[in-house]
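Read through the structure below, which is laid out as structure tokens, and then see the notes.
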Amino acid sequence: MLYDLNLHMGYVYDVPASGARHVIRVLPLSLPDRQRLIAGSVTVTPNADERTTFIDFFGQQATSVLVRAPHDRLDIRMQARVMVEAPTMTADLSPELDELREELAELWSVDPASPHHLAGPSPRLAEEPQIAAYAREIAKPGQTVREIALALCARIHKDFTYDPEATTVDTTPKEAFRLQRGVCQDFAHVMIVGLRSLGIPAGYVSGFLRTIPPPGKERLEGADAMHAWVRVWCGETVGYLELDPTNDIPAGSDHIVVAYGRDYADIAPVVGVLKGYGNQKVVQAVDVVPLKS
């Protein structure tokens, strides 16, 4: 599937800010046999006094900008054309939990794709006994890692209510689990904590999801949004599987990957510091437009 992407993120400040430095991760990745970035650009207004582009540890392109002059708003725009192929679900060759632990212990690689980075606590994801107990209820003797991951994905989708007013970007998995409400970031974080508690390496995926309007309705401009789902290591033979607990589906051709990390802290679309005070308003609009390939 071929897509044109347009993203606008705006930050409006009550009082002009100055001395702002931000790191931006919004451009889709190129991934072998999965996704190809044909062209893309990121623009920032006001113009940055300093701008550098680099590849971070996990392999995604990031843009660092410094704006010295006072400004009452910051606009970030991304345009891209990307080709996406749906990952194929083959026969389940993933091991059971005991075998997975043995494979992980014998794996010495610590390169960016290594599951060792996704096997323990990370900046935003501490161990949570209640989530661990919830995950243990899912894992049945004799199940494969893929079966467990699919079952946990389905249960979170069933038990949790999508509610954008219930949580914020800083809500912890513990609090989201207590509420059993939240957004894609919350669902992904809870699932990751649950899988890791079972000894299954799991990480966070940031990207875009094309939304399809109801039959007979026109697609709305800016109706799409940045999305999050989960990357699960299913052993050396299978490798990684991506699951979307918000929708209880495997990631498909409508899922466009921007970044991989341990949790949201690794791959937040925009992170930075600035000099200023007062409140700020954030606006975001995304268009994911399918094209004829």
Side-chain angles (χ1 to χ4, degrees), residues 87-104 115-122 124-163 166-167 171-207 209 227-252 255 257 260-264 266:
T88 56
M89 288 282 281
T90 58
D92 187 359
L93 301 177
S94 63
E96 296 180 16
L97 284 179
D98 288 343
E99 296 170 354
L100 183 79
R101 294 187 187 101
E102 293 175 3
E103 288 188 18
L104 190 61
H116 286 297
H117 301 299
L118 310 179
S122 52
R124 288 204 175 202
L125 302 183
E127 295 178 355
E128 296 292 350
Q130 289 184 318
I131 299 178
Y134 181 81
R136 284 196 301 272
E137 294 175 2
I138 294 295
K140 308 300 182 185
Q143 281 187 315
T144 65
V145 171
R146 189 172 88 172
E147 288 174 333
I148 293 169
L150 287 168
L152 184 57
C153 181
R155 185 171 184 187
I156 291 171
H157 176 74
K158 176 178 177 292
D159 292 347
F160 285 62
T161 300
Y162 187 88
D163 182 355
T167 58
T171 298
T172 65
K174 181 178 181 179
E175 178 64 10
F177 182 78
R178 183 188 69 80
L179 294 170
Q180 296 212 339
R181 309 179 79 85
V183 295
C184 56
Q185 175 183 314
D186 304 300
F187 298 172
H189 276 167
V190 169
M191 183 170 171
I192 292 167
V193 171
L195 290 171
R196 289 179 185 174
S197 74
L198 298 172
I200 301 173
Y204 191 95
V205 189
S206 172
L209 175 63
H227 193 49
W229 58 98
V230 178
R231 191 185 194 200
V232 187
W233 192 67
C234 295
E236 289 192 89
T237 300
V238 176
Y240 286 101
L241 171 68
E242 294 179 20
L243 299 175
D244 180 351
T246 305
N247 299 290
D248 189 22
I249 55 174
H255 290 75
V257 178
Y260 292 120
R262 296 166 296 174
D263 59 40
Y264 179 81
D266 284 336

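Keep in mind that this is a model prediction, so the values were computed, not measured. Below, all heavy atoms of this structure are taken into account, side chains as well, without hydrogens, waters or symmetry copies.
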Determine whether Arg231 and Val257 satisfy the following criterion, side-chain contact (heavy atoms from CB on, under 4.5 Å), listing intermediate values before the conclusion. CA-CA 11 Å; Arg231 191 185 194 200; Val257 178; over 6 Å; no
State the CG-CG distance between Leu150 and Leu241, to the nearest 0.5 angstrom. 6.0 Å
Distance (rounded to the nearest 0.5 Å) between Lys158 NZ and Gln180 CD: 9.5 Å
Could you check Leu104 against His116 for side-chain contact (heavy atoms from CB on, under 4.5 Å), going step by step and ending with a plain yes or no? CA-CA 8 Å; Leu104 190 61; His116 286 297; 3.8 Å; yes
In terms of ring plane angle, is the pair His189 and Tyr204 parallel, tilted or perpendicular, where the classes change at 30° and 60°? tilted
Rounded to the nearest 0.5 Å, the CG atom of Asp159 sits from the CZ atom of Phe177 at a distance of 8.0 Å
What's the shortest heavy-atom distance between Met191 and Cys153, and which atoms? CE-CB, 3.7 Å
Residues forming a ring pair (Phe, Tyr, Trp, His ring centres under 6.0 Å) with Tyr264, sequence neighbours excluded: none
Can you list the residues that meet the ring pair (Phe, Tyr, Trp, His ring centres under 6.0 Å) rule with Phe187, with sequence neighbours excluded? Phe160
Can any side-chain N or O of Ser94 pair as donor or acceptor with the backbone N or O of Arg146 at less than 3.5 Å? yes
In terms of heavy-atom contacts, Cys184 and Tyr162 come closest through N-CE1, 3.9 Å
Report yes or no: does Lys174 contribute a side-chain atom to a donor-acceptor pair with the main-chain N or O of Thr171 at less than 3.5 Å? no
Crowding at CD, Glu127 (>12 non-hydrogen neighbours, <6.0 Å): no
Going by the salt bridge (charged side-chain N to carboxylate O under 4.0 Å, His left out) test, which pairs reach into residues 175-198, not counting sequence neighbours? Asp163-Arg181, Glu175-Arg178
Interatomic distance, Ile200 atom CD1 to Ile148 atom CD1 [nearest 0.5 angstrom]: 4.5 Å
Can you list the steps and then say if Thr246 with His157 is a side-chain contact (heavy atoms from CB on, under 4.5 Å)? CA-CA 6 Å; Thr246 305; His157 176 74; 6.0 Å; no
Other residues, nucleotides, ligands: >12 heavy atoms within 6.0 Å of Gln130 CD: no
Show your working on side-chain contact (heavy atoms from CB on, under 4.5 Å) between Asp244 and His227 and close with a plain yes or no. CA-CA 9 Å; Asp244 180 351; His227 193 49; 3.0 Å; yes
Any side-chain donor-acceptor pair under 3.5 Å between Tyr134 and Glu128? no
Can you tell me how far CD of Glu103 sits from OG1 of Thr237, rounded to the nearest 0.5 angstrom? 6.0 Å
